[in-house]
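Each chain gets a letter, A, B and so on, in the order the sequences are listed, and its residues count up from 1.
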2 protein chains.
Amino acid sequence: MAAASRPTIKDVAARCGVHPSTVSRALSPAMKHLVADDVADRIKAAANALGYRLNMAAKGLRTGRSGLIGVLAPDIADPGFPPVLSGITDHLNAEGYATIVVDVGSNGSEQDLVDRLIARGVDGLVLATVTLRDDVVKHCLDAALPVVLVNRVDAAGQLPSAASDDVAGMRLAVEHLVALGHQRIGHVAGPQHVSTGARRRAGFEASVRDAGLSARHTPVETVEAYTRAAGREAALRLLARRIRPTAIVAANDLLALGVYDALAVRGLACPHDVSVVGHNDMPFVDMVAPPLTTIRIAQRDMGEAAARLLLARIAGPEAASEHIVLAPQLIIRGSTIACGH
Amino acid sequence: MAAASRPTIKDVAARCGVHPSTVSRALSPAMKHLVADDVADRIKAAANALGYRLNMAAKGLRTGRSGLIGVLAPDIADPGFPPVLSGITDHLNAEGYATIVVDVGSNGSEQDLVDRLIARGVDGLVLATVTLRDDVVKHCLDAALPVVLVNRVDAAGQLPSAASDDVAGMRLAVEHLVALGHQRIGHVAGPQHVSTGARRRAGFEASVRDAGLSARHTPVETVEAYTRAAGREAALRLLARRIRPTAIVAANDLLALGVYDALAVRGLACPHDVSVVGHNDMPFVDMVAPPLTTIRIAQRDMGEAAARLLLARIAGPEAASEHIVLAPQLIIRGSTIACGH
DNA sequence: CTGAAAGCGCTAACAG
DNA sequence: CTGTTAGCGCTTTCAG
């Protein structure tokens, strides 16, 4: 029956015949040492008996720290993101923080979403958002809000970030293909306004150059979005070239699946006619036909690193902005094969 | 420079020469009608100029409503969940709520996580958690916390829920197979302590019975978890039976991929030797080899329906607990084929 | 229509 | 070691 509203610190105090602040101290690990052990025990017992729970909103109002972290995601449903998110939330949860996840694609402007998060008093932000136009970042900096980037880096490199080594990843892909004898390698590049797109492209170009391949033999087609359909279109353009590539490396797995689609359209077989390499090692790309050779990135670690970075930022005032770069790994499967030529 | 902390309602009031409560009224859509239009305009202008943002924690403390909703997920990284989550958060965001997502698998007990959410003052909970042991549900009810289930129903059916029609889905699968001439159909059943596992199994059994197939010809193997490995083991057991099935319907796509693995182990070809049907239509199951015939469930809609249900629960006191059931859809791809016999 | 006053639940000085 | 006091930023009576 006693569907009474949540008990407060006052109720506990009354039941123990002590002052509310004593209860507050007894229940706070940091201040517990200021209260007699027997009293503290009595208080804890009473709190348990009453089913007392700390009211974080009240605490936050008082202390100015909410224990809330905002995560801005480009698209929650993107299969690449969940592992990152999981890494973020797990670490944050373990440290007593709760995570508010916002999907940027859907509602309102990013600015707006950030403002709503600020209104909720978030202690910091993890940005996994696609486009790093300065305005959002600037907006956060203006608000003196700790911010870290995940799976992204900003152009100026002024924000802490946790990301995979995109350049090294592309090098892995290109060198694998070159070792297989491929001389004509195309690249389906991701959106150039996001760091993964730009850096992977740069990595591709540097690697093919280092391998001694000419630009003519290493064409690049850029997409506007990381979608399977965009990958298909770009690959079709690549395949229509005078000098047809014998291998294509895509800026991510979704794009690579689009490359598969394009190959099917053209009646070409993978890997027989064209080898394909993806990037990210999304769940189940080992099950597609043929199993996709790809660059595995440490998504969960990335999320965890970002969380750790953010917490450090929140704790220490202005530690030099750190960039955590995670090593990628080549996963060889069935979509790459030695070149016939 | 003025990196001053966030302006409050008081700052705005001072700047306008009015009382803080007037500012509060002017800025609250519901109370705006109590303040002169010109004053309201002046206040809004000043608020904008100062970059004032409402402090939700303070508001929540006062009103008792936080505008926060908790979502308990079994495993964020499970590829089936993101679309549901996205449906939930989008709808909630649009209604001004923020969503705290908690991964149950990782830290602490579910009870604990719920308590932490309660401490944060959530206005309600969406439970997408696997096991519906009464204790968690009871715990929420005791706390008088509005709760809805998504992709799950509780045994007693006392909680509002949004879920796919699992029985109908299995009927779709079985009838498809029967129409193809299959007479020996096995089922890899999901965990029986979660509603999808139990209901899909029930749906399977009812459907094969209605199709006139005997129990001997429709063996069932149950797994303890929705994993690819578990699906593989269960399928191996099914294939080792005296009467080998010519088709297997799995309780979900992950399990179905495990069935693929088992088939490969046994040197059997899908669909030639054994047809396979999945459930859920996870992203990219159209790309595996062979493309998986499956039952598509309306995941995004499910999330949205759950959000709507929860909001209704929060608004209206005790509306009769509603069950939204979404119609599934058979997606025929390459993993099912007419039976030779 | 606007001001005054009180208080949501908690913590952080400051006394004692 | 414990009680007192004040106040975080906001809403909401109650007056006027």
Side-chain angles (χ1 to χ4, degrees), chain A residues 4-44 46-47 50-68 96 118-123, chain B residues 4-44 46-47 50-68 96 115-116 118-123:
Chain A
S5 57
R6 284 169 62 193
T8 77
I9 215 172
K10 242 183 193 160
D11 300 320
V12 179
R15 201 177 212 263
C16 292
V18 298
H19 194 270
S21 20
T22 306
V23 175
S24 171
R25 289 191 270 252
L27 265 26
S28 154
M31 296 292 147
K32 191 178 51 210
H33 67 106
L34 292 176
V35 44
D37 286 355
D38 57 328
V39 179
D41 290 346
R42 220 153 36 88
I43 290 175
K44 281 181 190 167
L50 292 177
Y52 168 77
R53 302 285 149 207
L54 180 57
N55 181 327
M56 294 297 264
K59 173 183 178 149
L61 186 56
R62 186 63 241 250
T63 62
R65 304 182 69 268
S66 64
L68 248 27
I118 291 179
R120 292 222 125 85
V122 293
D123 294 334
Chain B
S5 57
R6 284 168 61 193
T8 78
I9 215 173
K10 240 183 193 162
D11 301 321
V12 179
R15 200 177 213 263
C16 292
V18 298
H19 195 268
S21 29
T22 305
V23 175
S24 171
R25 289 191 270 251
L27 264 27
S28 155
M31 297 292 147
K32 191 177 51 208
H33 66 106
L34 291 176
V35 44
D37 286 355
D38 56 329
V39 178
D41 289 346
R42 217 151 39 87
I43 291 175
K44 281 182 190 167
L50 291 177
Y52 168 77
R53 301 284 149 209
L54 179 57
N55 180 328
M56 295 297 262
K59 172 182 178 151
L61 187 55
R62 187 64 238 255
T63 61
R65 303 183 68 268
S66 64
L68 248 27
D115 278 343
R116 287 176 58 172
I118 291 178
R120 290 223 125 84
V122 293
D123 294 333

Using whole Å, what does the distance between atom C1' of nucleotide D:dG3 and atom CD1 of A:Ile43 come to?
12 Å
At how many degrees, to 10°, do the end axes of the helix from C:dC1-D:dG16 to C:dG16-D:dC1 meet when each uses five pairs?
40°
Results of salt bridge (charged side-chain N to carboxylate O under 4.0 Å, His left out) for B:Arg53 - residues two or more places apart only
A:Asp115
Which atom pairs, donor and acceptor, lie under 3.5 Å between side-chain atoms of residues 56-63 of chain A and protein residues at least two apart or in another chain?
{"from": "A:Thr63", "atom 1": "OG1", "to": "A:Lys59", "atom 2": "O", "distance (Å)": "2.9"}
{"from": "A:Thr63", "atom 1": "OG1", "to": "A:Arg65", "atom 2": "N", "distance (Å)": "3.3"}
{"from": "A:Thr63", "atom 1": "OG1", "to": "A:Arg65", "atom 2": "O", "distance (Å)": "3.4"}

Encode nucleotides 10-16 of chain C as B, S and - characters from 5' to 3', where the letter depends on protein heavy atoms closer than 4.0 Å: B to the base, S only to sugar-phosphate, - to neither.
BBBB---
I need the NZ-C1' distance between A:Lys32 and D:dC1, as an integer number of Å.
15 Å
Rounded to the nearest 0.5 angstrom, the CD1-OG1 distance for B:Ile43 and B:Thr22 is 6.0 Å
Return the set of residues passing side-chain hydrogen bond (donor to acceptor under 3.5 Å, both in side chains) with A:Asp11 (not counting sequence neighbours), or none when no residue passes.
none
For the pair B:Arg15 (side chain) and B:Leu50 (backbone), establish whether a donor and an acceptor sit closer than 3.5 Å, ignoring hydrogens and angles.
no
Would you mind telling me which residue lines up with the more 5' stretch of DNA chain C, A:Ala57 or B:Gly17, judged by nearest nucleotide?
B:Gly17
Name the atoms and distances for all side-chain donor-acceptor pairs under 3.5 Å in residues 31-42 of chain A, with sequence neighbours left out.
{"from": "A:His33", "atom 1": "NE2", "to": "A:Ala30", "atom 2": "O", "distance (Å)": "3.4"}
{"from": "A:Arg42", "atom 1": "NH1", "to": "A:Cys16", "atom 2": "O", "distance (Å)": "3.0"}

Is B:Thr22 near enough to C:dT2 that one of its side-chain N or O atoms lies under 4.0 angstrom from OP1 or OP2?
no
Can you name the nearest heavy-atom pair linking B:Pro20 to B:Lys10, along with the distance?
CG-CG, 4.2 Å
Just how far, in rounded Å, is P of D:dG16 from CG of B:Leu34?
19 Å
Just how far, in rounded Å, is C1' of C:dT2 from CZ of B:Arg42?
12 Å
Do B:Leu27 and B:Tyr52 have side chains that get closer than 4.5 Å, going by heavy atoms?
yes
